[in-house]
Amino acid sequence: MPVVRVDQLGDYVGEEVVIQGWLYNKRSSGKIRFLEVRDGTGIVQAVLIKNAVAPEVFSAYDSLTQESSVIVQGQVRADPRAPGGYELGVSGIRIVQVAEDYPITPKEHGIEFLMDHRHLWLRSRRQHAILRIRSEVVKAARDWLDDHGFILIDAPILTPTAVEGTTTLFETQYFDEKAYLTQSGQLYMEAAAMAHGRVYCFGPTFRAEKSKTRRHLTEFWMLEPEMAYADLEEDMRVQEELVSYIVQRVLEKRRRELEVLEREISRLEKISPPFPRLSYDDAVELVNGVIRARQAAGEEAAEGAPGREEREPVAELLEWGDDLGAPHETIISNQYDKPVFVHRYPVQAKAFYMKPDPERPEVVLCADLLAPEGYGEIIGGGQRIDDYDLLRQRLMEHGLPTEAYEWYLDLRRYGSVPHAGFGLGIERTVAWICGLPHVREAVPFPRLLNRLRP
RNA sequence: UCCUCGGUAGCUCAAUGGCAGAGCGCCCGGCUGUUAACCGGGUGGUUGCAGGUUCGAGUCCUGCCCGAGGAGCCA
């Protein structure tokens with residue numbers, strides 16, 4: 001008798017099969033009883049009819065509790081009344097283990113409770129769908145890069161210094177000296193790109209920032225490609241091709257999961273190259289225009305309608321040189337139905353390694369990619385400084401210890417070339433594609449301010 | 001670190017300063033096509049912690065703890 005996975009039941013209509021799984025839920029109407037059995041690939045309804053099964057099989061229903069592990073044998077049949085279209089006419093049940101009172105009942109729960117039970121929450125329909133999409137996002141990204149001449153190079157996680165020197169790092173003891181959990185593999189990828197041309201790393205990164213928003217984790221996964229002999233234009237072209245491919249692959253392979261999440265699929269279908277490009281200068285003008293218009297409208301509306309809706313966060317007017325805040329990014333991304341590049345930020349708003357635009361030294365050749373629907377920055381990237389003297393000067397301007405960066409400066413001593421790269425945040429990308437309210441659901445076991453367990 | 005909101009049964013929530021309640025879960029019973037099934041009965045409380053005001057505090061005041069949303073910073 002074949003052991004079959006729920007997602008393949010359609011191939012076994014009329015046959016007697018075995019499903020190995022867990023009881024998701026059960027319902028009864030007296031002499032007919034229903035078991036919802038999940039096996040990791042899907043959920044199937046198993047039907048017990050009193051006059052059609054052995055008494056001990058029929059009564060097994062009574063001892064089965066939610067999430068008990070169970071092996072069910074029965075005949076597969078198509079039935080429009082069954083969720084998923086197929087059901088199992090049960091002939092035998094083997095209870096593997098009777099679960100104790102399962103904490104997550106088929107009702108609503110608060111986020112703290114669910115996060116405390118994350119190890120069990122993973123079994124629920126929504127969380128199951130999200131992590132399958134995450135798996136596809138990672139696989140699609142790696143497939144695209146592998147097919148376009150990129151080599152996977154793993155970056156270290158324990159590092160002696162900050163990469164960017166700005167954000168707070170997690171400190172740890174490394175024998176006799178202090179070490180830090182990496183915040184980016186980029187510097188190492190620059191070294192690897194000089195060896196292999198096009199490379200990428202994929203792994204966890206750590207930020208000890210006390211950020212408490214729907215877009216932040218203290219441990220998150222980042223995909224960081226780096227390309228020798230590439231400029232900002234090439235960098236953006238690769239980004240839009242890669243992101244579009246990821247979205248299209250999810251639409252192709254994980255449509256069912258998107259439906260479980262009730263994601264608006266038409267919004268994702270629009271994601272294809274090219275993405276709009278907005279200079280920082282134009283972005284500031286656009287944002288300030290929207291804010292001024294809103295202020296004007298707000299003053300009028302305030303008189304008659306005290307309870308007017310505020311969907312977008314409150315944003316302050318920008319002055320040239322300010323970095324874009326989250327509310328500004330939301331204003332920008334809401335103007336487009338595709339991700340949008342904002343490029344050429346002021347030098348002072350960006351990291352030390354960003355290459356100045358030769359035509360306008362007050363801006364750097366960088367670009368952030370903002371996801372639609374207010375999901376914020378999913379990519380940050382740009383062209384790196386390839387001139388030795390300028391890089392050394394920038395390190396000093398930023399107060400960074402040049403000794404620690406000698407190896408990085410070596411890359412500009414020995415065969416320096418124009419090069420560019422970017423970092424793609426996996427959780428933000430998954431949250432956007434899935435339409436999640438918070439990135440904490442886009443990773444199996446989130447690490448947040450105030451959450452280290454489970 | 002700052003701003004806003006919250007903490008009552010295992011869970012989600014209700015309760016003018018005046019007898020702490022409902023739904024779900026769980027237990028018992030009923031139902032031959034259920035879809036978070038439904039119906040009847042039962043079970044379930046240190047109202048986050050410590051003080052204070054009051055005849056009387058879940059409710060008002062002070063401090064603390066915890067959580068959520070947002071800001072800054074970033075992917």
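In what follows, chains are A, B, ... by sequence order, proteins preceding strands, each numbered from 1.
- Figure legend. B:rG67 is base-paired to B:rC5; pairs are counted as Watson-Crick or G-U wobble with both atom distances under 3.5 Å.
- Geometrically, A:K26 does not engage A:F34 in a cation-pi contact defined by less than 6.0 Å to the ring centre and at most 45° from the axis.
- Put simply, the side chain of A:H216 and the base of B:rC74 share a donor and an acceptor less than 3.5 Å apart.
- With a 3.5 Å ceiling on both atom-pair distances, the Watson-Crick or G-U wobble partner of B:rG40 is B:rC28.
- Rounded to an integer number of Å, the gap from A:I32 CD1 to B:rU32 C1' is 5 Å.
- Here A:D7 pairs with A:R5 in a salt bridge; the nearest charged N to carboxylate O distance falls below 4.0 Å.
- Base-pair partner of B:rU53: not found among the strands shown (Watson-Crick or G-U wobble, both distances under 3.5 Å).
- Put simply, CG on A:N25 is 14 Å from P on B:rC24, counting in whole angstrom units.
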In 5'-to-3' order, the base (B), backbone-only (S) or no-contact (-) status of each nucleotide in nucleotides 4-9 of chain B, using a 4.0 angstrom heavy-atom cut-off, is ------
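- The pair A:E36-A:R27 meets the salt-bridge criterion, since a charged nitrogen lies less than 4.0 angstrom from a carboxylate oxygen.
- Positionally, the nearest nucleotide of RNA chain B for A:R125 lies more toward the 5' end than for the other of A:R125 and A:S211.
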Output a table of nitrogen or oxygen pairs between the protein and nucleotides 27-31 of chain B separated by less than 3.5 Å.
unit_1 : atom_1 : unit_2 : atom_2 : d
B:rC31 : N3     : A:G30  : N      : 3.1
B:rC31 : N4     : A:S28  : OG     : 3.3

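- In this structure, A:R440 reaches the B:rG69 phosphate: one of its side-chain N or O atoms is under 4.0 Å from OP1 or OP2.
- Atom-to-atom, NZ of A:K212 to C1' of B:rC74 comes out at 17 Å; the value is rounded to the nearest Å.
- Electrostatic pairing of A:E240 and A:R277 counts as a salt bridge here, judged by a charged N lying under 4.0 Å from a carboxylate O.
- For the OP1/OP2 pair of B:rU32 and a distance below 4.0 Å, the side-chain nitrogens and oxygens of A:N51 include no atom meeting the criterion.
- You'll find that the side chain of A:Q45 is closest to B:rU34, out of B:rU34, B:rC74, B:rA71.
- Within the 4.0 angstrom heavy-atom criterion, no nucleotide atom of any strand lies near A:R126.
- Nucleotide B:rA22 has B:rU12 as its partner under the Watson-Crick or G-U criteria, with both atom distances under 3.5 Å.
- The aromatic rings of A:F341 and A:F275 sit tilted, their planes meeting at an angle between 30° and 60°.
- Spacing between atom NE2 of A:H328 and atom P of B:rC73 amounts to 10 Å, rounded to whole angstrom units.
- Note on A:G325: only backbone sugar-phosphate atoms sit closer than 4.0 angstrom, heavy atoms only; bases stay farther off.
- Ring centers of A:Y102 and A:Y24: at least 6.0 Å apart, outside the cut-off.
- Protein atom NZ of A:K50 is 11 Å distant from nucleotide atom C1' of B:rU32, rounded to whole Å.
- Between A:I49 atom CD1 and B:rG33 atom C1' the separation is 8 Å, expressed in whole Å.
- Residue A:E87 is in base contact, counting any heavy-atom pair closer than 4.0 Å across all strands shown.
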Pairs under 3.5 angstrom, nitrogen or oxygen only, protein versus nucleotides 13-15 of chain B, please.
none

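- The pair A:K139-A:E136 fails the salt-bridge criterion, with no side-chain N (NZ, NE, NH1 or NH2) lying under 4.0 Å from an Asp/Glu carboxylate O.
- A side-chain N or O of A:D368 and one of A:Y345 form a donor-acceptor pair less than 3.5 Å apart.
- Dashed line: the shortest gap from a side-chain N or O of A:R215 to OP1 or OP2 of B:rG69 is not under 4.0 Å.
- At whole-Å resolution of the value, CG in A:L23 and C1' in B:rA36 are 14 Å apart.
- A:E377 has its CD atom 13 Å from the P atom of B:rG72, to the nearest Å.
- Ring geometry for A:H117 against A:F113 counts as tilted: the plane angle lies between 30° and 60°, on a 0 to 90° scale.
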